[in-house]
Every structure is written in structure tokens, then in C-alpha cells.
2 protein chains.
Amino acid sequence: MHEDVLRDVSSLFRGASAACLDGLLRRTIEHRVAPGTVLFDQAELPNFQIVLVAGSLQLFGRSGTQREVLIEVVRAPDLVIPAAVMSASPYLLQARAPEASHLLLIEADAFREAVAAEPGLAQAVIATLARQFRRMVRQAKSLKLQSSTQRVGCYLLALSERQGTPGQAHLPYEKHIIASELGMTRESFSRALASLEPAGLRVEGQVIAILDRDRLAAVAQPDPLIDPDARDDGPDASSPVLSAGAAPLHRRS
Amino acid sequence: MHEDVLRDVSSLFRGASAACLDGLLRRTIEHRVAPGTVLFDQAELPNFQIVLVAGSLQLFGRSGTQREVLIEVVRAPDLVIPAAVMSASPYLLQARAPEASHLLLIEADAFREAVAAEPGLAQAVIATLARQFRRMVRQAKSLKLQSSTQRVGCYLLALSERQGTPGQAHLPYEKHIIASELGMTRESFSRALASLEPAGLRVEGQVIAILDRDRLAAVAQPDPLIDPDARDDGPDASSPVLSAGAAPLHRRS
DNA sequence: GCATCGCCTTGATGCAGGTCAATGCCGCGC
DNA sequence: GCGCGGCATTGACCTGCATCAAGGCGATGC
């Protein structure tokens with residue numbers, strides 16, 4: 001696996017020395033999972049630091065045997081909840097792969113030791129934790145400050161931007177999952193979409209056409225301090241913490 | 001300030017070397033603030049890593065000029081949003097001191113450099129970031145999975161536990177602030193309290209008497225993976241990440 | 001004492017969004 | 001073709017919570 005996988009995750013580990021990474025890789029299991037695979041459940045203690053190399057993971061929160069809501073989505077390349085691994089605390093979420101994904105499993109103890117031993121790796125973990133924390137803060141603000149319809153509108157705006165298609169947004173999952181991510185029911189999500197049609201929206205299955213971006217923005221009132229920002233969203237955003245004294249591991253040829 | 005202040009925050013920095021800390025302290029401003037002081041506003045870039053030595057800070061999220069909601073409370077000793085400082089990104093929240101508080105202001109650049117240079121300090125930052133991240137995850141789960149009344153009940157249960165008074169909970173702030181922290185209006189909070197009286201609750205101003213803890217728990221359905229856990233809540237919780245190869249900085253003379 | 005101001009509570013009302021149920025659509029297997 | 005199962009939509013209904021408005025209570029000042 002070595003060369004190509006390392007390149008894929010180099011943005012995560014660019015602060016770590018090659019020697020350290022080699023040592024870590026020896027205690028690493030490469031893993032490919034099919035759609036629907038559950039990586040771990042709520043309340044379990046982390047056995048591995050999972051590194052998402054390709055694909056994505058959905059993180060669900062569950063209440064009793066009742067409902068189950070999407071709290072967060074992890075997109076490659078990223079670390080999967082380093083907060084649980086580093087604090088050796090039970091997972092608060094369940095992780096499921098919505099698509100075929102490619103993972104590295106690093107023994108939790110080995111990972112913690114490597115982070116303690118290798119300052120560059122610690123920097124990378126800090127950057128990841130900080131980014132993920134800020135995403136959660138944005139979500140909390142969104143849930144407390146925006147209406148359902150606003151959240152839907154902002155979600156679509158952000159989605160189309162992330163997908164590089166200003167005129168449309170392709171919903172990445174079933175609508176009921178997106179609804180739970182946005183803190184509402186599928187029915188409310190459906191109605192919110194319908195209510196946004198006057199604002200220049202057309203629903204065509206999983207594809208939402210955005211006919212008038214400005215009008216949608218006027219209704220949804222996106223806020224740069226709430227709704228996703230490129231800076232916080234991708235691990236490849238240029239982040240000062242990574243450049244501080246860290247030599248790049250790989251050139252992206 | 002040196003000796004006593006360092007003792008107060010030793011749990012945060014116990015991984016850092018004395019030499020490093022001394023260097024950092026030279027670029028540190030000690031600061032005492034009166035109730036109501038705003039430490040920083042949303043959208044500002046962090047100039048300092050603020051260390052909360054004594055007291056507490058409320059972190060508010062604001063939407064336009066409209067509403068303002070409490071997202072998080074930081075209690076001493078703790079770092080104030082290291083996620084913003086480490087990623088050198090704009091604050092997503094405003095910080096206000098509800099009580100007289102005691103702070104250290106460490107220049108942001110100096111702090112980032114110290115974290116990069118000092119593995120023990122990096123470990124401490126990781127532990128703090130991980131704890132704060134998990135708190136936000138709990139909050140998101142709470143907002144999406146629990147009803148208003150449940151959140152109020154669980155809040156009171158956790159509060160009384162944290163205060164060491166199983167029979168009562170003393171509300172730390174004005175009720176409208178707690179309401180916004182729980183994601184509801186003051187009126188709804190008031191009514192939620194009233195609706196819990198049949199479950200053995202008595203409201204006496206800022207003090208809420210819990211006459212029947214079991215009955216309250218039956219109604220509020222607290223979940224250990226949602227509602228505050230001692231482990232994630234205090235920075236003094238024994239956390240593996242801190243003990244990994246870290247020499248204690250100060251003897252507690 | 002009284003007036004005032006914050007904060008809280010209570011009530012009346014309305015709406016957003018949840019719940020329940022029926023229907024539609026689509027893909028899949030037979 | 002048909003039936004079936006999963007998902008989405010739509011409608012009817014209801015409820016939880018927000019909103020608006022009034023009043024109470026306590027602290028403070030004069």
C-alpha cells in the first residue's frame with residue numbers, strides 16, 4: 001500500500017517524520033469496507049485510530065433504541081474522531097460507511113505513543129481536532145440560531161459550492177439522513193425544499209437545481225461564522241499549525 | 001503571580017517542561033476582569049491564547065444583530081478556545097465573563113511556537129481540544145435527540161451532581177441565559193421547570209430543589225453518552241494523554 | 001415610603017415542525 | 001408483465017415551542 005496511500009494522507013501527517021510514520025505503518029492494518037459497514041458503535045472504547053484514506057464515514061448519534069441522527073460526516077482524508085482515541089474515552093457516536101471506503105487502522109496505544117513521541121504528528125492531530133471542534137461549534141450555532149428552512153437553504157448553498165456546481169446541488173445521501181443531520185424530520189425536510197421553490201429551487205430527485213443563488217441566499221441568510229467555510233472544512237486548507245516548523249512529507253508530484 | 005498561578009493551571013500544563021513554561025510566562029500578561037467584560041468578539045482573529053485561571057467565561061454565538069445564545073461555558077482551569085488560536089482562525093464565539101475572573105494572556109504566536117516546540121505542551125493542548133470537542137458532540141446530540149423538557153431535566157441533574165448537592169441545583173446564571181444554552185426561550189424554560197414540578201421539582205428563585213431524583217431521571221431520561229460526564233467535564237479528570245511521558249512541572253508544595 | 005428597572009412568570013395565541021397515515025414513485029426480482 | 005420493498009411526498013392533524021403581551025416580584029435609588 002505504501003507509497004500511494006501515504007500520498008493520500010500526506011496532508012494529515014505532513015508534520016511527522018518519515019521514520020515515525022514507518023514505525024506506525026508497521027502497526028497499521030489496511031482495510032477496505034463495503035457500503036453499510038459499521039466501523040464502531042457508541043459506547044465502545046476505541047481500539048484503533050482510524051484514518052480515512054478514501055471514501056467517507058457517517059457518524060450517528062443514537063438515543064436509547066429510539067431515534068438515530070447524523071451528527072457529522074468525515075470525508076477523506078481525515079482522522080476519525082481522534083478526540084475519542086486521544087482521550088481513550090468511549091465513542092459518543094456510531095461510524096458507518098455510506099460508500100466503499102478505504103481505511104487505515106492504527107492501534108490506539110501505538111498511535112497515542114507516536115503522537116507523544118513525534119511533535120510533528122502531534123501538530124497534525126491538533127490541527128485536525130481544532131478543525132473538527134470548529135465544525136461542531138458551527139453546528140451548535142446553526143441548530144440554536146437558524147430555522148429549519150434556513151438550515152436547508154444554507155446546506156444546499158454550501159453543498160453546491162463544495163461540489164463546484166453553482167447551479168445545482170447533488171444530495172450525497174438519502175434525504176431522511178440529511179434531514180437528521182440538519183436536525184429535523186424527513187417530512188419537514190421535504191416541505192422545506194418545497195417551500196424554497198419560490199426562491200428559485202427545483203427538486204429533481206437527488207439533484208436540486210439552484211436557479212437563483214442570490215434569492216436563495218436572501219431567504220437562507222447564510223452566515224460565514226455558522227455555515228461551512230472552506231477554511232474549516234477541508235483538511236487541506238492551509239493551516240498555520242501545520243506549517244509551523246513542519247517539513248512536507250511528500251511533494252504532490 | 002508565578003507560584004500560585006502556576007499551581008492553579010498545573011493540570012493544564014503538567015506535560016510541559018519548566019524551561020518552556022518560563023519562556024512562555026515571560027510573554028504572558030496576567031489579567032483580572034470584572035463581571036460583564038467581553039474578552040473577544042465573534043469574527044476577531046485571536047491575538048492571545050487565553051488561559052482561564054479562576055472564574056468562568058461564557059461563550060456566545062450571535063446571528064446578525066438578532067439573537068444571542070450561549071453555546072458553551074468555560075470553567076477554570078482551562079484554555080479558552082484553543083481551536084481558534086491553534087488554527088489562527090476567526091473566533092466563532094464571543095467570550096464574556098459572568099463573574100470576576102483571572103486570566104493569563106499568552107501571545108498567540110508565542111503559544112503556537114511553544115506548542116510546536118514542546119511535546120508535553122502539545123499533549124496538554126490535545127487533551128483540552130479532545131475534551132472540548134466531545135462536549136460539543138454531546139451538545140449536538142442533546143439538541144437533536146432530546147426534547148426541551150428532557151434537556152432541562154438533564155441539565156438540573158448534572159448541575160446538582162457537579163455542585164455536590166444531590167437534593168438541589170443552584171442555577172449559575174440568569175434563567176434566560178440558561179434557556180439559550182439549552183436551545184430554547186426563557187418562557188419555554190420557565191414552563192419546562194413548571195412542568196417538572198409533578199416529577200418532584202420545586203423552583204425557589206435560583207435554587208431548584210430536587211425532591212425525587214429517580215422520578216426526575218425517569219422523566220428526563222438522561223443518557224451517559226449525551227449528558228455531561230465527569231470524565232469529559234473537568235480538565236482534572238485523569239486522562240491518559242497527559243500521563244504519557246510527561247514529567248510533573250511543579251510539586252504541589 | 002414610592003417609582004423604576006430587570007428579570008421572571010403566566011396567559012393567550014399562532015406557527016413551525018413533528019406525528020400519523022395514505023399515496024406515489026422507482027428499482028428490483030421473479 | 002407483475003408484485004414487492006424502500007424511499008419520498010403529500011395531506012390531515014396535533015403538539016411543542018415561539019411569540020406577543022401583561023403582570024408579579026425583588027432589588028435599587030430617591
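To find a chain, count down the sequence lines: A is the first, B the second, and so on, and within it residues start at 1.
Side-chain contact check for B:F133 versus A:S87: every heavy-atom pair is 4.5 Å or farther apart.
On a pure distance criterion of 3.5 Å, a polar donor-acceptor pair joins the side chain of A:R191 and the base of C:dT19. Scanning atom types as modelled, one donor and one acceptor separated by under 3.5 angstrom connect the side chain of B:E187 and the base of D:dC20.
Closest to the B:S147 side chain, of the nucleotides D:dT10, D:dC17, C:dG18, is D:dC17. Candidate nucleotides C:dG18, D:dA8, C:dT9 were compared by shortest atom distance to the side chain of A:K175, and D:dA8 ranks first. Side-chain proximity of B:Q206 to the nucleotides C:dG18, C:dC8, D:dA8 is greatest for C:dC8. Closest to the A:S188 side chain, of the nucleotides D:dC17, D:dT10, C:dG17, is C:dG17.
If you take CZ of B:F189 and C1' of C:dC8, they are 11 Å apart, rounded to a whole angstrom. For the pair B:H176 NE2 and D:dT19 C1', the interatomic distance rounds to 17 Å; values are reported in whole Å. Going from atom NZ of B:K144 over to atom C1' of C:dG17 covers 16 Å, rounded to whole Å. Protein atom OH of A:Y173 is 14 Å distant from nucleotide atom P of D:dA8, rounded to whole Å. Going from atom CD of B:E174 over to atom C1' of C:dC5 covers 14 Å, rounded to whole Å. As a whole-Å value, the separation of A:E197 CD from D:dT10 P is 8 Å. In this structure, A:R186 atom CZ and D:dG11 atom C1' are separated by 16 Å, rounded to whole Å. Put simply, CD1 on A:I208 is 8 Å from P on D:dT9, counting in whole angstrom units.
Electrostatic pairing of B:D223 and B:K141 does not count as a salt bridge here, judged by no charged N lying under 4.0 Å from a carboxylate O. Between B:D78 and B:R131, at least one side-chain N (NZ, or NE/NH1/NH2) sits under 4.0 Å from a carboxylate O, which counts as a salt bridge.
A sub-4.0 Å separation between OP1 or OP2 of C:dC8 and a side-chain N or O of B:S190 is absent. The side chain of A:S148 places an N or O atom within less than 4.0 Å of a non-bridging phosphate oxygen (OP1 or OP2) of C:dG17.
Between the side chains of B:S180 and B:E68, no donor-acceptor pair of N or O atoms lies under 3.5 Å.
Heavy atoms from other residues, nucleotides or ligands lying under 6.0 Å from CD of B:E187 number more than 12.
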